[in-house]
2 protein chains.
Amino acid sequence: MVTEVICGEQGVMMLDEMTASALAETFKVLSDSTRVRIISALVERELCVHELSEALGLSHSATSHQLAMLREMRLVAATKRGRHKIYRLDDEHIADLFQQGLAHILHT
Amino acid sequence: MVTEVICGEQGVMMLDEMTASALAETFKVLSDSTRVRIISALVERELCVHELSEALGLSHSATSHQLAMLREMRLVAATKRGRHKIYRLDDEHIADLFQQGLAHILHT
DNA sequence: CAGATATATGAGCAAGTACGCATATATTAT
DNA sequence: ATAATATATGCGTACTTGCTCATATATCTG
C-alpha cells in the first residue's frame with residue numbers, strides 16, 4: 001500500500017519573524033509611489049526639497065515628511081547649502097532593488 | 001563672475017506616477033512580514049494553508065486572507081488536492097526580489 | 001530691521017491594512 | 001447521514017499611513 005504524503009509530514013522552512021520584519025521594513029520604503037519617484041529622481045542626481053516637491057506635484061510639507069522618513073531609515077542624506085538642503089541617495093541596496101524592480105515591471 | 005548653479009536650473013528626471021504606482025504595488029507585497037514569510041516558505045516548496053498557518057503562528061483565516069491577496073496579484077497559484085489546497089509561487093520576479101532583499105539584509 | 005524663501009515638524013483626519021470572529025462550502029471519515 | 005477537517009470570505013476593529021494645515025526655524029534680500 002502506498003502512503004501518499006499530502007500535507008504536514010515534512011517540516012516547513014520559513015524565515016523567522018524578526019528577519020522577515022526587517023526585510024518587510026526595507027520593502028516598505030518602496031511600497032509608496034511618492035517615495036519610489038523620489039528615489040528614481042535621486043538615482044539620477046542630488047536634488048533639493050523644492051525641486052522634488054515640484055517634480056512630484058506635491059506640497060513642500062508632504063515632500064519633507066517623506067524625506068524625513070527616508071532620512072530616518074538612512075537611505076538618503078542631506079547637505080545644507082545656504083537655505084537649500086540638498087538630498088542624495090545614501091544606500092546602494094535601495095537603488096539596486098529599485099532598478100531590479102523597475103526592470104521586472106518593464107519586461108512584462 | 002561665476003554663477004554657481006544651486007537649484008532648479010536643470011530639469012528633474014523622475015519616474016511618471018503610473019509606472020511608479022505599478023512598481024510600488026509590486027513592492028507592497030513584500031512590505032508585510034507575514035507575506036514575506038509565506039513567500040520565503042513557498043520558495044522552498046509548495047505548501048497547504050494549514051502548514052503555512054501553523055508555521056506562521058496565525059489563524060487559518062488570516063493566512064487564507066493573505067493567500068487570497070497573493071492569488072489576486074497572480075504571485076501564487078493553488079491546486080486543489082482532496083480537501084487540501086496546495087499553494088506554490090507563480091512569479092519569478094517576486095522570488096528574485098525577495099532573494100536580493102534578503103541578501104542585502106544579511107550582508108549588513 | 002522687515003519680508004520673502006526654504007525647510008521641518010506636530011496635530012489631525014480620511015483612507016487603507018491586517019487580524020480575528022463568525023459563518024459558509026466542500027471534502028473525507030465514521 | 002453526521003461529524004470532522006480544510007479552506008474561503010464578509011464584517012468589525014485596532015492600527016498604520018500619507019496627506020494637509022498651522023506653525024516654527026533658518027537663511028537670504030532689500
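Proteins get letters first, then strands, A, B, ... in listed order; numbering begins at 1 in each. Nothing here was measured: the structure is a model prediction, and the numbers come from that model.
When the P atom of D/dA6 is taken as reference, atom CG of B/Leu52 falls 14 Å away, rounded to whole Å. The distance from atom CD1 of B/Ile38 to atom P of C/dA18 is 11 Å, rounded to the nearest whole Å. Residue A/Lys28 contributes atom NZ, which lies 12 Å from atom P of C/dT17 at whole-angstrom precision. Across the protein-nucleic acid pair, B/Glu72 atom CD and C/dG16 atom C1' stand 15 Å apart, rounded to whole Å. Rounded to whole Å, the distance from CD on A/Glu51 to P on C/dT5 is 17 Å. A straight line from CD of A/Glu54 to P of C/dA6 spans 10 Å, rounded to a whole angstrom. Regarding B/Arg37, its CZ atom lies at a distance of 11 Å from the P atom of C/dC19, rounded to whole Å. Rounded to an integer number of Å, the gap from CG of A/Leu30 to P of D/dG18 is 12 Å.
Rounded to the nearest 0.5 angstrom, B/Asp32 CG and A/Phe27 CZ are separated by 12.5 Å. In this structure, B/Leu30 CG and B/Ile39 CD1 are separated by 4.5 Å, a value rounded to the nearest 0.5 Å. We find the NE2-OG1 distance between A/His65 and A/Thr34 to be 13.0 Å, quoted to the nearest 0.5 Å.
Closest of all the heavy-atom pairs between B/Ser53 and B/His60 is OG-CD2, 2.7 Å. In plain terms, the two heavy atoms of A/Met13 and B/Glu44 that are nearest each other are CB-CG, 3.7 Å. Shortest non-hydrogen contact noted between B/Arg37 and B/Ser40 is O-OG, 2.7 Å.
In the interface, the side chain of B/Ser61 is paired with the base of D/dT9 through a donor and an acceptor atom under 3.5 Å apart. With hydrogens and angles left out, the side chain of B/His65 and the base of C/dG20 share a donor-acceptor pair within 3.5 Å. Evaluation of atom-type donor-acceptor distances gives no pair under 3.5 Å for the side chain of B/Ser59 against the base of C/dC19.
Listed nucleotides: D/dT27, C/dA8, D/dA6. Nearest to the side chain of A/Lys80: D/dT27. Listed candidates were D/dT7, D/dT5, D/dT20. Nearest to the side chain of A/Ala62 is D/dT20. Of the candidates C/dA8, D/dG18, C/dA18, C/dA18 carries the atom nearest the B/Gln66 side chain, counting heavy atoms from C-beta on. Which of D/dT17, C/dA8, D/dA6 sits closest to the side chain of A/Lys85 comes down to C/dA8. Considering only side-chain atoms of B/Asp32, the nucleotide from D/dT7, C/dA18, C/dT28 that sits closest is C/dA18.
For C/dA8, one of the phosphate oxygens OP1 or OP2 lies less than 4.0 angstrom from a side-chain nitrogen or oxygen of A/Tyr87. Distances shown here put a side-chain N or O of A/Arg35 below 4.0 Å from the OP1 or OP2 atom of D/dG18. Contact between the side-chain N/O atoms of B/Arg71 and the OP1/OP2 oxygens of D/dA8 is found at a separation under 4.0 Å.
Residue B/Leu58 is in sugar-phosphate contact alone, with no base atom involved, counting any heavy-atom pair closer than 4.0 Å across all strands shown. Using a 4.0 Å heavy-atom cutoff across all strands shown, B/Thr34 reaches sugar-phosphate atoms only and no base atom.
For the pair A/Ala68 and B/Met69, nearest-nucleotide mapping onto DNA chain C gives the more 5' position to A/Ala68.
Between B/Glu46 and B/Lys85 there is no salt bridge, since no side-chain nitrogen of the basic residue lies less than 4.0 Å from a carboxylate oxygen of the acidic one.
Checked by atom type, the side-chain pair B/Ser21/B/Glu17 shows a donor-acceptor distance below 3.5 Å.
Within residues 13-25 of chain B, no residue has a heavy atom under 4.0 Å from DNA chain C.
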